[in-house]
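Please read the structure below before turning to the comments.
Quick note: numbers below take in every heavy atom, side chains included, and nothing from hydrogens, waters or symmetry partners.
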Amino acid sequence: MPDLLTLLLDLHDLPAGQLPDPARDAARSSLYDWLICGRAGINEPVADKLRRFIAAEGGQGVASVLGAVLGAGTAPARQAALVNGATSHAIDFDDTHFAHVGHLSVGIYPAALAVGEETGASADDVVDAFLLGSEAAIRVGMALGSAHYNRGFHQTATAGAFGATLAAGRLIGLTRDQMRAAIGLCSTRASGLKSQFGTMGKPYNAGIAAANGVESARLAELGMSSCADGLAGPEGFLQTHTDDPGRDLPPVGRWLLPEISYKFHACCHGTHAMIEALRAVGPVDPGDVAAIELRTNPRWLSVCNIADPGTGLEVKFSYAWLAAMVLSGRDTSAFDSYSDAVAADPALAAIAGRMTVTGDAGLTDMQAEGVLRLASGDRISFAHDISAPIATDMLRDRLAGKSHALLGPDGGPPATLLDDLAKMTAADLGRVLRGGA
């Protein structure tokens, strides 16, 4: 088994012809999802503050910026990556990879697109760079393991920075030795803490990952030196950031990105397996609900099991309230479904009060199982695994529905985008990012 640094360097060197279509399809779907989340986040306070920040810095505009009004809506690549990463994570509705324990697209695509625009790359080149960067970030995340996350690090920012570095370096055309230096520089640059959750610092973490990737790759291109192995060597990133590094990492050629999970509900991702399972049951008369028994992985009990939410935000972390919403036919994909009034709704409270939630270590983070008991005595079993593959056409339809829910029928990226990528450049993608056709 090659060491972690060698795995990343081998990913960097993979010829485009060896990238399989299923993995590329996953990367294209993540592009569409990222554009949706980015456009939906442009009015968030963190996005405005970072746009103002880079406008004050100035620089040569070469890459598109979400929501920008400065100049032609462009900025230096590192600045664009910073703003676009934070903006696309601002509403926390982006993809999750559970092996990586983080969000891939918001840390890697901003770096890939910014450098792609700067270098005149094709849209396919940007997608390939994201794919390889994601495979790198997932492996770094797996190597860091749960001990890293539990210690308080935000892997979207830490592991994600290495993915952004590899994506940027791929598009710049770094040699293997330059890529080694870039990874070493990223090792001394990558950062991001979970203590920022609930503040603007959380989406900022995603922007940091993207900006660090662009910076590390560009400095390596200029010949800036680094230690031989800043990632996995003595006193490197792994040794200093985890007490229990993972082992037996998947080799190059075992594609992990297709296991990514997309958010279709505007609430904690830990609740999505339950929501999907109950959606399959369908709305029922609230008076017919005698009991709801849910089993979930124990880790979620301290995250999204608020039994009596007092605000709309807390509803997003309440199995019981979300189950009541689904069984009542409420839309869990729309942000306005999570008002404070919803938390005080007596009809939802009546259903939620009939729910019990227990931890089951036999279930993964992505699974939920349970039983719906009806007043008639009937029992309806429900189960879902959000890691189960979704057919490409069905996934595109659901992403289009997400775009419609967030941005309206005409506000999101065009539904034909994924069919047109082969004819597009990174500059074309930049125009889509800024809201053009």
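Here the closest heavy-atom approach between residue Ala164 and residue Ala209 is recorded as CB-O, 3.5 Å.
Between the side chain of Asp94 and the backbone N or O of Gly38 there is no donor-acceptor pair closer than 3.5 Å. With Gln196 contributing its side chain and Leu193 its backbone, the two residues share no donor-acceptor pair below 3.5 Å. Side-chain atoms of Tyr319 never come within 3.5 Å of backbone atoms of Ala352 as a donor-acceptor pair (strictly under, hydrogens ignored). The main-chain N or O of Arg139 is never found under 3.5 Å from a side-chain atom of His100 such that the two would form a donor-acceptor pair. In terms of modelled atom types and a separation under 3.5 Å, the side chain of Ser318 and the main chain of Ile306 share a donor-acceptor contact. Of the possible donor and acceptor atoms, one in the side chain of Arg354 sits under 3.5 Å from a partner among the backbone N and O of Val289. Put simply, the side chain of His241 gets close to the backbone of Phe237: a donor and an acceptor are under 3.5 Å apart. Remark: the backbone N or O of Leu66 is not paired with any side-chain donor or acceptor of Arg39 at under 3.5 angstrom. For Glu369 (side chain) and Phe382 (main-chain N/O), no donor-acceptor pair under 3.5 Å exists by modelled atom type. In this structure, Thr271 contributes its side chain and Cys268 its backbone to a donor-acceptor pair below 3.5 Å.
Counting non-hydrogen atoms of other residues, nucleotides and ligands closer than 6.0 Å to CZ of Phe197 gives a total above 12. Enclosure of atom CD in Glu57 by more than 12 non-hydrogen atoms of other residues, nucleotides or ligands within 6.0 angstrom is indicated.
Thr87 has its side chain within reach of Ile42: a pair of non-hydrogen atoms, C-beta onward, lies under 4.5 Å apart. Within the 4.5 Å cutoff, side-chain heavy atoms of Arg189 are placed close to those of Glu215. Side-chain contact between His97 and Ser261 is absent, with no heavy atoms from C-beta onward closer than 4.5 Å. Residues Leu421 and Leu417 form a side-chain contact, since some pair of their non-hydrogen atoms from C-beta on lies under 4.5 Å apart. Contact check for Thr96 versus Leu104: no side-chain heavy atoms found under the 4.5 Å cut-off. Using a 4.5 Å heavy-atom threshold, the side chains of Leu372 and Arg379 count as separate. Thr165 is not listed as a side-chain neighbour of Asn212, based on a closest heavy-atom distance of 4.5 Å or more. Residues Phe98 and Ser387 have side chains not in contact (no heavy-atom distance under 4.5 Å, counting atoms from C-beta outward).
A parallel orientation is assigned to the rings of Phe130 and Tyr109, their planes being inclined by less than 30° (bins at 30° and 60°).
Judged by the 6.0 Å distance and 45° axis criteria, Lys194 is not positioned over the aromatic ring of Phe153.
Residues in residues 147-161 take part in these side-chain hydrogen bond (donor to acceptor under 3.5 Å, both in side chains) pairs, two or more places apart or across chains: His148-Thr158, Arg151-Asp243, His154-Thr156, His154-Asn205.
Checked against a 6.0 Å centroid threshold, the rings of His272 and Phe264 do not count as neighbours.
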Notebook entry, point to check: Given the rule in the side-chain contact (heavy atoms from CB on, under 4.5 Å) test, do Asp360 and Thr296 qualify, once you have shown the distances and angles that lead to the verdict?
Noted result: CA-CA 6 Å; Asp360 183 344; Thr296 186; over 6 Å; no
Next item on the list: Could you check Lys202 against Glu44 for salt bridge (charged side-chain N to carboxylate O under 4.0 Å, His left out), going step by step and ending with a plain yes or no?
Entry: CA-CA 13 Å; Lys202 184 177 189 285; Glu44 292 297 306; over 6 Å; no
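Side chains of Ser333 and His265: a donor-acceptor N/O pair is absent below 3.5 angstrom, by distance only. Inspection of the Thr6 and Asp3 side chains reveals an N or O donor paired with an N or O acceptor under 3.5 Å. Under the 3.5 Å distance criterion, with hydrogens and angles disregarded, a donor-acceptor pair is assigned to the side chains of Ser30 and Tyr262.
Ionic pairing of Glu135 and Arg170 is not present here: no N-O contact between side-chain nitrogen and carboxylate oxygen is shorter than 4.0 angstrom. The pair Asp419-Arg396 meets the salt-bridge criterion, with a side-chain N (NZ, NE, NH1 or NH2) lying under 4.0 Å from an Asp/Glu carboxylate O. Between Glu118 and Arg218 a salt bridge is recorded (basic side-chain N to carboxylate O distance below 4.0 Å). Using a 4.0 Å cut-off between a side-chain N of Lys or Arg and a carboxylate O of Asp or Glu, Asp95 and Lys263 do not qualify as a salt bridge.
Partners of Arg330 by side chain to side chain donor-acceptor pair (under 3.5 Å), not counting sequence neighbours, listed by chain and number: Asp345.
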